[in-house]
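To keep things clear, I will list the structure first and then write my remarks on it.
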There are 2 protein chains.
Amino acid sequence: MFASLGGDRVPAEIGMPPPRINFSEFRYEKDEQIFGENEPADYVYQVTFGAVRSYKLLVDGRRQIGAFHLAGDIFGLENAAVHRFTAEAIVDTKVRLVKRQTLELIAEKDVLVARDLLNTTAAKLEHAEDHMLLLGRKTALERVATFLLEMDERLTRAGFFALPMNRRDIADYLGLTLETVSRALRQLDERGILGFLSCNQRQIVLLDRKRLTNLGA
Amino acid sequence: MFASLGGDRVPAEIGMPPPRINFSEFRYEKDEQIFGENEPADYVYQVTFGAVRSYKLLVDGRRQIGAFHLAGDIFGLENAAVHRFTAEAIVDTKVRLVKRQTLELIAEKDVLVARDLLNTTAAKLEHAEDHMLLLGRKTALERVATFLLEMDERLTRAGFFALPMNRRDIADYLGLTLETVSRALRQLDERGILGFLSCNQRQIVLLDRKRLTNLGA
DNA sequence: CGGGGGCTTGAGGCCACTCAACGATAGTGG
DNA sequence: CCACTATCGTTGAGTGGCCTCAAGCCCCCG
(Lines give C-alpha, C1' and ligand atoms only; values in the text may rest on other atoms or scores of the structure.)
Protein backbone atom coordinates (compact mmCIF):
# COMPACT_ATOMS: atom_id res chain seq x y z
CA MET A 1 0.00 0.00 0.00
CA PHE A 2 1.10 3.51 -0.73
CA ALA A 3 3.58 1.95 -3.06
CA SER A 4 3.67 5.12 -5.07
CA LEU A 5 5.05 6.93 -2.07
CA GLY A 6 7.74 4.36 -1.49
CA GLY A 7 11.38 4.25 -2.54
CA ASP A 8 12.80 1.21 -4.30
CA ARG A 9 14.64 -0.05 -1.29
CA VAL A 10 11.44 -0.62 0.62
CA PRO A 11 9.17 -3.64 0.17
CA ALA A 12 6.20 -2.51 -1.84
CA GLU A 13 3.65 -3.96 0.56
CA ILE A 14 4.97 -1.83 3.38
CA GLY A 15 5.77 1.29 1.46
CA MET A 16 7.25 4.47 2.79
CA PRO A 17 6.60 8.14 2.21
CA PRO A 18 9.36 9.74 0.21
CA PRO A 19 11.62 12.19 2.01
CA ARG A 20 9.65 15.22 0.89
CA ILE A 21 6.59 14.11 2.84
CA ASN A 22 6.52 14.90 6.53
CA PHE A 23 5.68 11.95 8.64
CA SER A 24 6.15 11.32 12.32
CA GLU A 25 6.86 8.17 14.22
CA PHE A 26 4.79 7.57 17.29
CA ARG A 27 4.52 4.93 19.98
CA TYR A 28 1.46 3.69 21.81
CA GLU A 29 1.39 1.41 24.81
CA LYS A 30 -0.78 -1.68 25.05
CA ASP A 31 -4.45 -0.67 25.25
CA GLU A 32 -3.72 2.98 24.59
CA GLN A 33 -6.22 4.75 22.38
CA ILE A 34 -4.88 6.15 19.11
CA PHE A 35 -8.04 7.93 18.07
CA GLY A 36 -11.70 7.78 18.96
CA GLU A 37 -14.82 7.33 16.89
CA ASN A 38 -16.13 10.67 15.62
CA GLU A 39 -12.92 12.50 16.40
CA PRO A 40 -11.55 14.67 13.61
CA ALA A 41 -9.66 12.53 11.10
CA ASP A 42 -6.60 14.70 10.66
CA TYR A 43 -4.02 11.96 10.32
CA VAL A 44 -3.55 8.73 8.45
CA TYR A 45 -1.63 5.98 10.22
CA GLN A 46 0.55 3.07 9.25
CA VAL A 47 1.58 0.37 11.69
CA THR A 48 5.33 -0.16 11.66
CA PHE A 49 5.43 -2.48 14.65
CA GLY A 50 2.76 -4.09 16.79
CA ALA A 51 -0.97 -4.41 16.23
CA VAL A 52 -4.07 -2.22 16.39
CA ARG A 53 -7.78 -2.93 16.73
CA SER A 54 -10.45 -0.61 15.40
CA TYR A 55 -13.97 -0.98 16.65
CA LYS A 56 -17.42 0.47 17.05
CA LEU A 57 -19.51 0.42 20.22
CA LEU A 58 -23.22 0.27 20.82
CA VAL A 59 -24.57 2.45 23.61
CA ASP A 60 -24.69 -0.48 26.04
CA GLY A 61 -21.07 -1.41 25.42
CA ARG A 62 -21.42 -4.19 22.88
CA ARG A 63 -18.34 -3.97 20.69
CA GLN A 64 -17.65 -4.93 17.10
CA ILE A 65 -14.05 -4.93 15.99
CA GLY A 66 -14.03 -4.12 12.29
CA ALA A 67 -10.40 -4.91 11.60
CA PHE A 68 -7.02 -5.70 13.08
CA HIS A 69 -4.12 -3.69 11.69
CA LEU A 70 -0.71 -5.36 11.62
CA ALA A 71 2.74 -4.19 10.56
CA GLY A 72 2.51 -2.44 7.21
CA ASP A 73 -1.23 -1.81 7.37
CA ILE A 74 -2.73 1.60 6.81
CA PHE A 75 -5.55 2.69 9.11
CA GLY A 76 -7.45 5.79 10.02
CA LEU A 77 -7.79 6.74 6.38
CA GLU A 78 -11.23 8.31 6.11
CA ASN A 79 -12.98 9.99 3.28
CA ALA A 80 -14.95 11.98 5.82
CA ALA A 81 -14.03 14.60 8.37
CA VAL A 82 -14.16 12.23 11.33
CA HIS A 83 -12.99 8.75 12.21
CA ARG A 84 -15.58 6.05 12.00
CA PHE A 85 -13.85 3.72 14.45
CA THR A 86 -12.01 3.89 17.69
CA ALA A 87 -8.45 2.63 17.29
CA GLU A 88 -6.41 1.17 20.13
CA ALA A 89 -3.00 -0.47 20.35
CA ILE A 90 -3.35 -4.19 21.13
CA VAL A 91 0.26 -4.43 22.23
CA ASP A 92 3.02 -1.84 22.41
CA THR A 93 2.90 -0.42 18.93
CA LYS A 94 4.79 1.95 16.69
CA VAL A 95 3.03 3.89 13.97
CA ARG A 96 3.94 6.36 11.33
CA LEU A 97 1.51 9.16 10.64
CA VAL A 98 0.94 11.63 7.86
CA LYS A 99 -1.38 14.61 7.82
CA ARG A 100 -4.41 13.66 5.84
CA GLN A 101 -4.52 17.01 4.16
CA THR A 102 -0.95 16.56 2.95
CA LEU A 103 -1.87 13.26 1.38
CA GLU A 104 -4.92 14.76 -0.27
CA LEU A 105 -3.01 17.65 -1.70
CA ILE A 106 -0.49 15.28 -3.21
CA ALA A 107 -3.24 13.04 -4.52
CA GLU A 108 -4.76 15.93 -6.43
CA LYS A 109 -1.63 16.26 -8.49
CA ASP A 110 -0.12 12.81 -8.44
CA VAL A 111 -2.32 10.21 -10.10
CA LEU A 112 -0.33 7.36 -8.62
CA VAL A 113 -0.96 8.55 -5.09
CA ALA A 114 -4.62 9.04 -5.86
CA ARG A 115 -4.74 5.50 -7.14
CA ASP A 116 -3.08 4.28 -3.97
CA LEU A 117 -5.76 5.92 -1.88
CA LEU A 118 -8.38 4.18 -3.96
CA ASN A 119 -6.59 0.83 -3.79
CA THR A 120 -6.25 1.04 -0.04
CA THR A 121 -9.90 1.94 0.41
CA ALA A 122 -10.99 -0.78 -2.02
CA ALA A 123 -8.92 -3.38 -0.17
CA LYS A 124 -10.62 -2.42 3.08
CA LEU A 125 -13.99 -2.67 1.37
CA GLU A 126 -13.23 -6.16 0.12
CA HIS A 127 -12.25 -7.22 3.59
CA ALA A 128 -15.43 -5.78 5.04
CA GLU A 129 -17.51 -7.55 2.40
CA ASP A 130 -15.95 -10.90 3.25
CA HIS A 131 -16.43 -10.19 6.92
CA MET A 132 -20.12 -9.47 6.46
CA LEU A 133 -20.54 -12.96 5.04
CA LEU A 134 -18.74 -14.36 8.05
CA LEU A 135 -20.77 -12.38 10.58
CA GLY A 136 -24.09 -12.96 8.89
CA ARG A 137 -23.91 -16.57 7.84
CA LYS A 138 -21.05 -18.59 9.29
CA THR A 139 -21.15 -20.81 12.39
CA ALA A 140 -18.84 -20.25 15.35
CA LEU A 141 -16.44 -22.96 14.22
CA GLU A 142 -16.35 -21.62 10.68
CA ARG A 143 -15.67 -18.09 11.94
CA VAL A 144 -12.74 -19.20 14.06
CA ALA A 145 -11.36 -21.30 11.20
CA THR A 146 -11.60 -18.33 8.85
CA PHE A 147 -9.95 -16.12 11.42
CA LEU A 148 -7.00 -18.47 11.85
CA LEU A 149 -6.47 -18.66 8.11
CA GLU A 150 -6.57 -14.88 7.86
CA MET A 151 -4.05 -14.45 10.66
CA ASP A 152 -1.73 -17.06 9.20
CA GLU A 153 -1.92 -15.32 5.86
CA ARG A 154 -1.21 -11.91 7.32
CA LEU A 155 1.30 -12.76 10.04
CA THR A 156 3.60 -15.37 8.60
CA ARG A 157 2.04 -17.64 5.98
CA ALA A 158 4.19 -20.28 7.65
CA GLY A 159 1.55 -22.30 9.47
CA PHE A 160 2.52 -21.06 12.92
CA PHE A 161 2.20 -17.67 14.50
CA ALA A 162 1.64 -15.81 17.75
CA LEU A 163 -1.63 -13.97 18.01
CA PRO A 164 -1.20 -10.45 19.36
CA MET A 165 -4.81 -10.19 20.56
CA ASN A 166 -6.63 -11.90 23.40
CA ARG A 167 -9.76 -14.05 23.24
CA ARG A 168 -12.08 -11.13 23.88
CA ASP A 169 -10.70 -9.23 20.90
CA ILE A 170 -11.08 -12.29 18.70
CA ALA A 171 -14.64 -12.74 19.93
CA ASP A 172 -15.54 -9.12 19.24
CA TYR A 173 -14.03 -9.43 15.79
CA LEU A 174 -16.00 -12.59 15.01
CA GLY A 175 -19.31 -11.60 16.60
CA LEU A 176 -19.01 -14.28 19.31
CA THR A 177 -18.24 -14.49 23.02
CA LEU A 178 -14.79 -15.27 24.28
CA GLU A 179 -16.04 -18.56 25.72
CA THR A 180 -17.29 -19.67 22.33
CA VAL A 181 -13.96 -18.77 20.74
CA SER A 182 -12.17 -20.78 23.39
CA ARG A 183 -14.40 -23.79 22.83
CA ALA A 184 -13.96 -23.61 19.07
CA LEU A 185 -10.18 -23.51 19.43
CA ARG A 186 -10.27 -26.50 21.73
CA GLN A 187 -12.40 -28.38 19.25
CA LEU A 188 -9.92 -27.66 16.45
CA ASP A 189 -7.14 -28.77 18.76
CA GLU A 190 -8.94 -32.01 19.65
CA ARG A 191 -9.54 -32.74 15.99
CA GLY A 192 -5.85 -32.36 15.28
CA ILE A 193 -6.37 -29.36 13.03
CA LEU A 194 -4.24 -27.05 15.14
CA GLY A 195 -1.92 -27.16 18.12
CA PHE A 196 -0.72 -24.76 20.80
CA LEU A 197 2.95 -24.10 21.24
CA SER A 198 4.90 -24.05 24.48
CA CYS A 199 2.10 -23.65 26.98
CA ASN A 200 1.24 -20.31 25.42
CA GLN A 201 -2.37 -20.14 24.35
CA ARG A 202 -1.67 -17.51 21.75
CA GLN A 203 0.98 -19.40 19.84
CA ILE A 204 -0.72 -21.55 17.29
CA VAL A 205 0.39 -24.16 14.77
CA LEU A 206 -1.83 -25.06 11.87
CA LEU A 207 -1.53 -28.82 11.49
CA ASP A 208 -4.08 -29.43 8.78
CA ARG A 209 -4.65 -26.42 6.63
CA LYS A 210 -6.78 -28.35 4.19
CA ARG A 211 -9.40 -29.26 6.77
CA LEU A 212 -9.19 -25.77 8.21
CA THR A 213 -9.88 -24.32 4.77
CA ASN A 214 -12.83 -26.64 4.35
CA LEU A 215 -14.25 -25.33 7.59
CA GLY A 216 -13.49 -21.69 6.87
CA ALA A 217 -14.91 -21.65 3.38
CA MET B 1 -22.31 10.04 -6.84
CA PHE B 2 -20.40 10.60 -10.02
CA ALA B 3 -21.41 14.19 -9.66
CA SER B 4 -18.34 15.21 -11.60
CA LEU B 5 -19.70 13.35 -14.60
CA GLY B 6 -23.07 15.04 -14.41
CA GLY B 7 -24.53 17.97 -16.25
CA ASP B 8 -26.20 20.78 -14.34
CA ARG B 9 -29.67 19.75 -15.30
CA VAL B 10 -29.37 16.49 -13.44
CA PRO B 11 -29.77 16.11 -9.70
CA ALA B 12 -26.29 15.72 -8.27
CA GLU B 13 -27.17 12.67 -6.26
CA ILE B 14 -28.11 10.77 -9.37
CA GLY B 15 -25.58 12.19 -11.74
CA MET B 16 -25.17 11.42 -15.37
CA PRO B 17 -22.24 10.79 -17.63
CA PRO B 18 -21.65 13.73 -19.95
CA PRO B 19 -22.40 13.23 -23.64
CA ARG B 20 -18.85 12.30 -24.52
CA ILE B 21 -19.01 9.14 -22.38
CA ASN B 22 -20.62 6.12 -23.92
CA PHE B 23 -23.17 4.55 -21.69
CA SER B 24 -25.93 2.09 -22.44
CA GLU B 25 -29.33 1.62 -20.92
CA PHE B 26 -30.31 -1.89 -20.08
CA ARG B 27 -33.31 -3.64 -18.58
CA TYR B 28 -33.43 -6.66 -16.33
CA GLU B 29 -36.50 -8.62 -15.32
CA LYS B 30 -37.31 -9.54 -11.76
CA ASP B 31 -34.80 -12.10 -10.47
CA GLU B 32 -32.61 -11.84 -13.54
CA GLN B 33 -28.90 -11.96 -12.89
CA ILE B 34 -26.91 -8.89 -13.88
CA PHE B 35 -23.48 -10.33 -13.19
CA GLY B 36 -22.07 -13.20 -11.19
CA GLU B 37 -19.44 -13.39 -8.50
CA ASN B 38 -15.97 -13.83 -9.99
CA GLU B 39 -17.09 -12.82 -13.44
CA PRO B 40 -14.91 -10.23 -15.19
CA ALA B 41 -15.81 -6.77 -13.96
CA ASP B 42 -15.92 -4.96 -17.29
CA TYR B 43 -18.80 -2.63 -16.57
CA VAL B 44 -19.94 -0.31 -13.84
CA TYR B 45 -23.67 0.02 -13.28
CA GLN B 46 -26.08 2.61 -12.03
CA VAL B 47 -29.68 1.85 -11.16
CA THR B 48 -32.05 4.24 -12.89
CA PHE B 49 -35.22 2.42 -11.97
CA GLY B 50 -35.97 -0.56 -9.74
CA ALA B 51 -33.78 -2.31 -7.20
CA VAL B 52 -30.86 -4.72 -7.15
CA ARG B 53 -29.42 -7.10 -4.54
CA SER B 54 -25.80 -8.12 -4.47
CA TYR B 55 -24.80 -11.16 -2.47
CA LYS B 56 -22.25 -13.81 -1.72
CA LEU B 57 -22.97 -17.50 -1.31
CA LEU B 58 -21.36 -20.20 0.79
CA VAL B 59 -20.91 -23.57 -0.87
CA ASP B 60 -24.00 -24.99 0.85
CA GLY B 61 -26.21 -22.15 -0.34
CA ARG B 62 -26.24 -19.86 2.67
CA ARG B 63 -26.54 -16.35 1.31
CA GLN B 64 -25.43 -12.97 2.59
CA ILE B 65 -26.74 -9.93 0.80
CA GLY B 66 -24.15 -7.21 1.12
CA ALA B 67 -26.23 -4.36 -0.17
CA PHE B 68 -29.41 -3.28 -1.89
CA HIS B 69 -29.00 -0.83 -4.76
CA LEU B 70 -31.83 1.60 -5.39
CA ALA B 71 -32.43 4.27 -8.01
CA GLY B 72 -29.33 6.40 -8.35
CA ASP B 73 -26.98 3.90 -6.73
CA ILE B 74 -23.74 2.78 -8.36
CA PHE B 75 -22.85 -0.90 -8.17
CA GLY B 76 -20.45 -3.34 -9.75
CA LEU B 77 -17.61 -0.87 -9.33
CA GLU B 78 -14.62 -3.05 -8.48
CA ASN B 79 -11.00 -2.21 -8.03
CA ALA B 80 -10.18 -5.76 -9.10
CA ALA B 81 -10.57 -7.68 -12.33
CA VAL B 82 -13.62 -9.60 -11.21
CA HIS B 83 -16.89 -8.93 -9.42
CA ARG B 84 -16.97 -9.83 -5.78
CA PHE B 85 -20.74 -10.23 -5.62
CA THR B 86 -23.52 -11.68 -7.67
CA ALA B 87 -26.02 -8.98 -8.63
CA GLU B 88 -29.68 -9.66 -9.42
CA ALA B 89 -32.66 -7.47 -10.15
CA ILE B 90 -35.13 -7.59 -7.27
CA VAL B 91 -37.93 -6.21 -9.46
CA ASP B 92 -37.97 -5.19 -13.11
CA THR B 93 -35.06 -2.81 -13.22
CA LYS B 94 -33.36 -0.37 -15.55
CA VAL B 95 -29.66 0.31 -15.34
CA ARG B 96 -27.14 2.44 -17.09
CA LEU B 97 -23.72 0.98 -17.68
CA VAL B 98 -20.32 2.32 -18.52
CA LYS B 99 -17.21 0.40 -19.47
CA ARG B 100 -14.98 0.30 -16.47
CA GLN B 101 -11.92 0.91 -18.57
CA THR B 102 -13.47 4.07 -19.94
CA LEU B 103 -14.05 5.35 -16.45
CA GLU B 104 -10.51 4.51 -15.40
CA LEU B 105 -9.00 6.26 -18.38
CA ILE B 106 -10.94 9.37 -17.59
CA ALA B 107 -10.05 9.13 -13.92
CA GLU B 108 -6.38 9.16 -14.77
CA LYS B 109 -6.72 12.59 -16.28
CA ASP B 110 -9.66 14.11 -14.50
CA VAL B 111 -9.05 14.53 -10.80
CA LEU B 112 -12.73 15.12 -10.13
CA VAL B 113 -13.69 11.78 -11.63
CA ALA B 114 -10.93 10.08 -9.69
CA ARG B 115 -12.28 11.67 -6.54
CA ASP B 116 -15.76 10.43 -7.41
CA LEU B 117 -14.49 6.89 -7.67
CA LEU B 118 -12.89 7.25 -4.27
CA ASN B 119 -15.99 8.81 -2.75
CA THR B 120 -18.22 6.08 -4.09
CA THR B 121 -15.92 3.36 -2.80
CA ALA B 122 -15.55 5.08 0.55
CA ALA B 123 -19.33 5.39 0.90
CA LYS B 124 -19.69 1.67 0.28
CA LEU B 125 -17.00 1.01 2.86
CA GLU B 126 -18.82 3.09 5.44
CA HIS B 127 -22.00 1.19 4.79
CA ALA B 128 -20.19 -2.13 5.14
CA GLU B 129 -18.62 -1.01 8.40
CA ASP B 130 -21.98 -0.10 9.87
CA HIS B 131 -23.41 -3.36 8.62
CA MET B 132 -20.67 -5.38 10.32
CA LEU B 133 -21.74 -3.88 13.63
CA LEU B 134 -25.31 -4.86 12.89
CA LEU B 135 -24.44 -8.41 11.86
CA GLY B 136 -22.01 -9.00 14.67
CA ARG B 137 -23.70 -7.41 17.63
CA LYS B 138 -27.33 -6.41 17.17
CA THR B 139 -30.40 -8.44 18.14
CA ALA B 140 -33.02 -9.44 15.59
CA LEU B 141 -35.34 -6.61 16.60
CA GLU B 142 -32.53 -4.07 16.45
CA ARG B 143 -31.51 -5.30 13.00
CA VAL B 144 -35.01 -4.96 11.61
CA ALA B 145 -35.39 -1.52 13.17
CA THR B 146 -32.10 -0.41 11.64
CA PHE B 147 -33.15 -1.82 8.29
CA LEU B 148 -36.44 0.08 8.29
CA LEU B 149 -34.69 3.32 9.13
CA GLU B 150 -32.21 2.74 6.33
CA MET B 151 -34.96 2.02 3.82
CA ASP B 152 -36.97 5.04 4.88
CA GLU B 153 -33.89 7.19 4.52
CA ARG B 154 -33.06 5.84 1.09
CA LEU B 155 -36.52 5.42 -0.40
CA THR B 156 -38.55 8.41 0.64
CA ARG B 157 -37.54 9.93 3.99
CA ALA B 158 -41.27 10.42 4.35
CA GLY B 159 -42.08 7.79 6.95
CA PHE B 160 -43.86 5.49 4.54
CA PHE B 161 -42.55 3.41 1.68
CA ALA B 162 -43.00 0.20 -0.28
CA LEU B 163 -40.22 -2.31 0.11
CA PRO B 164 -39.11 -3.77 -3.22
CA MET B 165 -37.66 -6.91 -1.64
CA ASN B 166 -39.33 -9.89 -0.02
CA ARG B 167 -38.81 -11.25 3.49
CA ARG B 168 -36.14 -13.70 2.41
CA ASP B 169 -34.05 -10.91 0.91
CA ILE B 170 -34.41 -8.87 4.07
CA ALA B 171 -33.42 -11.89 6.15
CA ASP B 172 -30.34 -12.58 4.05
CA TYR B 173 -29.37 -8.93 4.33
CA LEU B 174 -29.75 -8.92 8.11
CA GLY B 175 -28.26 -12.33 8.85
CA LEU B 176 -31.60 -13.72 10.04
CA THR B 177 -34.29 -16.11 8.81
CA LEU B 178 -37.39 -14.87 7.08
CA GLU B 179 -39.53 -16.11 9.97
CA THR B 180 -37.55 -14.03 12.43
CA VAL B 181 -37.93 -10.96 10.21
CA SER B 182 -41.66 -11.55 10.04
CA ARG B 183 -41.94 -11.89 13.81
CA ALA B 184 -39.89 -8.74 14.38
CA LEU B 185 -42.12 -6.76 12.02
CA ARG B 186 -45.22 -8.04 13.80
CA GLN B 187 -43.74 -7.06 17.13
CA LEU B 188 -43.04 -3.54 15.88
CA ASP B 189 -46.58 -3.43 14.54
CA GLU B 190 -48.06 -4.59 17.86
CA ARG B 191 -46.05 -1.99 19.73
CA GLY B 192 -47.47 0.72 17.47
CA ILE B 193 -44.07 1.59 16.05
CA LEU B 194 -45.06 0.80 12.47
CA GLY B 195 -48.12 -0.09 10.44
CA PHE B 196 -48.88 -1.91 7.19
CA LEU B 197 -50.76 -0.14 4.43
CA SER B 198 -53.68 -1.46 2.44
CA CYS B 199 -53.34 -5.17 3.05
CA ASN B 200 -49.93 -5.10 1.40
CA GLN B 201 -47.24 -6.49 3.65
CA ARG B 202 -44.52 -4.56 1.90
CA GLN B 203 -46.01 -1.12 2.33
CA ILE B 204 -44.90 0.23 5.64
CA VAL B 205 -45.63 3.34 7.67
CA LEU B 206 -43.29 4.41 10.41
CA LEU B 207 -45.50 5.61 13.22
CA ASP B 208 -42.93 6.28 15.89
CA ARG B 209 -39.56 7.03 14.47
CA LYS B 210 -38.14 7.98 17.82
CA ARG B 211 -38.74 4.57 19.36
CA LEU B 212 -37.55 2.93 16.16
CA THR B 213 -34.34 4.92 16.35
CA ASN B 214 -33.88 3.88 19.96
CA LEU B 215 -34.17 0.27 18.91
CA GLY B 216 -31.97 0.61 15.86
CA ALA B 217 -29.13 2.43 17.57
C1' DC C 1 2.65 -16.64 48.50
C1' DG C 2 -1.15 -13.81 47.44
C1' DG C 3 -3.40 -11.42 43.69
C1' DG C 4 -4.85 -10.57 39.16
C1' DG C 5 -5.48 -11.23 34.30
C1' DG C 6 -6.21 -14.36 30.70
C1' DC C 7 -8.09 -18.63 29.49
C1' DT C 8 -10.75 -22.82 30.05
C1' DT C 9 -14.57 -25.55 31.32
C1' DG C 10 -19.17 -26.73 32.93
C1' DA C 11 -24.25 -26.02 33.72
C1' DG C 12 -28.22 -23.93 32.42
C1' DG C 13 -30.99 -20.63 29.73
C1' DC C 14 -32.58 -18.05 25.88
C1' DC C 15 -32.89 -16.19 21.37
C1' DA C 16 -33.09 -17.30 16.92
C1' DC C 17 -33.51 -21.33 13.93
C1' DT C 18 -36.00 -25.39 12.07
C1' DC C 19 -39.89 -27.59 10.67
C1' DA C 20 -44.51 -27.48 9.64
C1' DA C 21 -49.09 -25.81 8.83
C1' DC C 22 -51.96 -22.30 7.30
C1' DG C 23 -53.71 -17.91 5.08
C1' DA C 24 -53.68 -14.42 1.54
C1' DT C 25 -52.97 -12.95 -3.01
C1' DA C 26 -52.13 -13.15 -7.88
C1' DG C 27 -52.00 -15.48 -12.02
C1' DT C 28 -53.70 -19.26 -15.18
C1' DG C 29 -56.64 -21.86 -17.62
C1' DG C 30 -60.94 -24.33 -18.09
C1' DC D 1 -66.90 -17.49 -12.95
C1' DC D 2 -64.50 -20.94 -10.34
C1' DA D 3 -60.92 -24.25 -9.37
C1' DC D 4 -56.02 -24.86 -9.35
C1' DT D 5 -51.45 -23.59 -8.52
C1' DA D 6 -47.54 -21.00 -7.04
C1' DT D 7 -45.59 -17.53 -4.31
C1' DC D 8 -45.25 -14.93 -0.34
C1' DG D 9 -46.02 -14.14 4.31
C1' DT D 10 -47.58 -15.44 9.00
C1' DT D 11 -47.82 -18.19 12.95
C1' DG D 12 -46.95 -22.02 16.16
C1' DA D 13 -44.21 -25.76 18.42
C1' DG D 14 -40.03 -27.54 19.43
C1' DT D 15 -34.97 -27.63 18.98
C1' DG D 16 -30.35 -26.23 19.29
C1' DG D 17 -26.26 -23.28 19.05
C1' DC D 18 -24.46 -19.85 21.24
C1' DC D 19 -24.75 -16.93 25.36
C1' DT D 20 -24.74 -16.24 30.38
C1' DC D 21 -23.07 -17.11 34.65
C1' DA D 22 -19.93 -19.20 37.53
C1' DA D 23 -16.01 -21.71 39.03
C1' DG D 24 -11.44 -23.08 38.55
C1' DC D 25 -6.78 -23.34 36.33
C1' DC D 26 -2.46 -21.43 34.86
C1' DC D 27 1.01 -18.22 34.56
C1' DC D 28 3.12 -14.01 35.61
C1' DC D 29 4.53 -10.68 38.84
C1' DG D 30 4.70 -8.17 42.79
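Letters go in sequence order (proteins before strands), and every chain restarts at 1.
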Please report, rounded to the nearest Å, how far the [atom2] atom of [N] is from the [atom1] atom of [X].
{"X": "E190(A)", "N": "dT8(C)", "atom1": "CD", "atom2": "P", "value": "12 Å"}
{"X": "D169(B)", "N": "dT7(D)", "atom1": "CG", "atom2": "P", "value": "15 Å"}
{"X": "L185(B)", "N": "dC8(D)", "atom1": "CG", "atom2": "P", "value": "17 Å"}
{"X": "R167(A)", "N": "dG5(C)", "atom1": "CZ", "atom2": "C1'", "value": "14 Å"}
{"X": "Q201(B)", "N": "dC8(D)", "atom1": "CD", "atom2": "P", "value": "12 Å"}
{"X": "R143(B)", "N": "dA16(C)", "atom1": "CZ", "atom2": "C1'", "value": "9 Å"}
{"X": "N166(A)", "N": "dT8(C)", "atom1": "CG", "atom2": "C1'", "value": "14 Å"}
{"X": "I170(B)", "N": "dA16(C)", "atom1": "CD1", "atom2": "P", "value": "16 Å"}

Salt-bridge test for [X] and [Y]: reply yes if a basic N is under 4.0 Å from a carboxylate O, no otherwise.
{"X": "D172(B)", "Y": "R63(B)", "value": "yes"}
{"X": "K124(A)", "Y": "D73(A)", "value": "no"}
{"X": "R191(A)", "Y": "D208(A)", "value": "no"}

Of the options dT8(C), dC8(D), dT10(D), whose atoms approach the side-chain atoms of K30(B) most closely?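 Nearest nucleotide to the side chain: dC8(D).
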
Kindly point out which of dT10(D), dG6(C), dG10(C) is positioned nearest to the side chain of R186(A)?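 Taking heavy atoms from C-beta onward, the closest nucleotide is dG10(C).
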
Between protein and nucleic acid, restricted to nucleotides 24-27 of chain D and to nitrogen or oxygen atoms under 3.5 Å apart, what atom pairs and distances do you find?
none

Determine, using ring centers only, whether Y45(B) and F26(B) are less than 6.0 Å apart.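 No: the rings miss the under 6.0 Å criterion.
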
Under 4.0 Å from OP1 or OP2 of dG6(C): is there any side-chain N or O of R168(A) that close?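 For dG6(C), OP1/OP2 do not have a side-chain N/O of R168(A) under 4.0 Å.
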
OP1 or OP2 of dG6(C) less than 4.0 angstrom from a side-chain nitrogen or oxygen of R202(A), does that happen here?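 No, outside the criterion.
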
Check the pair R62(A), D60(A) against salt bridge (Lys or Arg N to Asp or Glu O under 4.0 Å), reporting the backbone distance first and the verdict last. CA-CA 6 Å; R62(A) 281 174 287 174; D60(A) 60 0; 3.0 Å; yes

Has F49(B) got more than 12 heavy atoms of other residues, nucleotides or ligands less than 6.0 Å from its CZ?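 Atom CZ in F49(B) is not packed in, count stays at 12 or less.
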
Has R202(A) got more than 12 heavy atoms of other residues, nucleotides or ligands less than 6.0 Å from its CZ?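 Result for CZ/R202(A): enclosed.
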
List every contact pair, protein side and nucleotides 16-20 of chain D side both N or O, where the distance is under 3.5 Å.
{"unit_1": "dC18(D)", "atom_1": "OP1", "unit_2": "A140(A)", "atom_2": "N", "d": "2.9"}
{"unit_1": "dC19(D)", "atom_1": "OP1", "unit_2": "T177(A)", "atom_2": "N", "d": "3.4"}
{"unit_1": "dC19(D)", "atom_1": "OP2", "unit_2": "T177(A)", "atom_2": "N", "d": "3.3"}
{"unit_1": "dC19(D)", "atom_1": "OP2", "unit_2": "T177(A)", "atom_2": "OG1", "d": "3.1"}
{"unit_1": "dC19(D)", "atom_1": "OP2", "unit_2": "T180(A)", "atom_2": "OG1", "d": "2.4"}
{"unit_1": "dT20(D)", "atom_1": "O4", "unit_2": "R183(A)", "atom_2": "NH2", "d": "3.0"}

Is K56(A) close enough and on-axis enough to F85(A), meaning under 6.0 Å and within 45°, for cation-pi?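 Yes - K56(A) lies over the ring of F85(A), closer than 6.0 Å to its centre and within 45° of its axis.
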
Distance under 6.0 Å and angle within 45° of ring axis: R53(B) vs F68(B):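 No, R53(B) does not sit over the ring of F68(B).
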
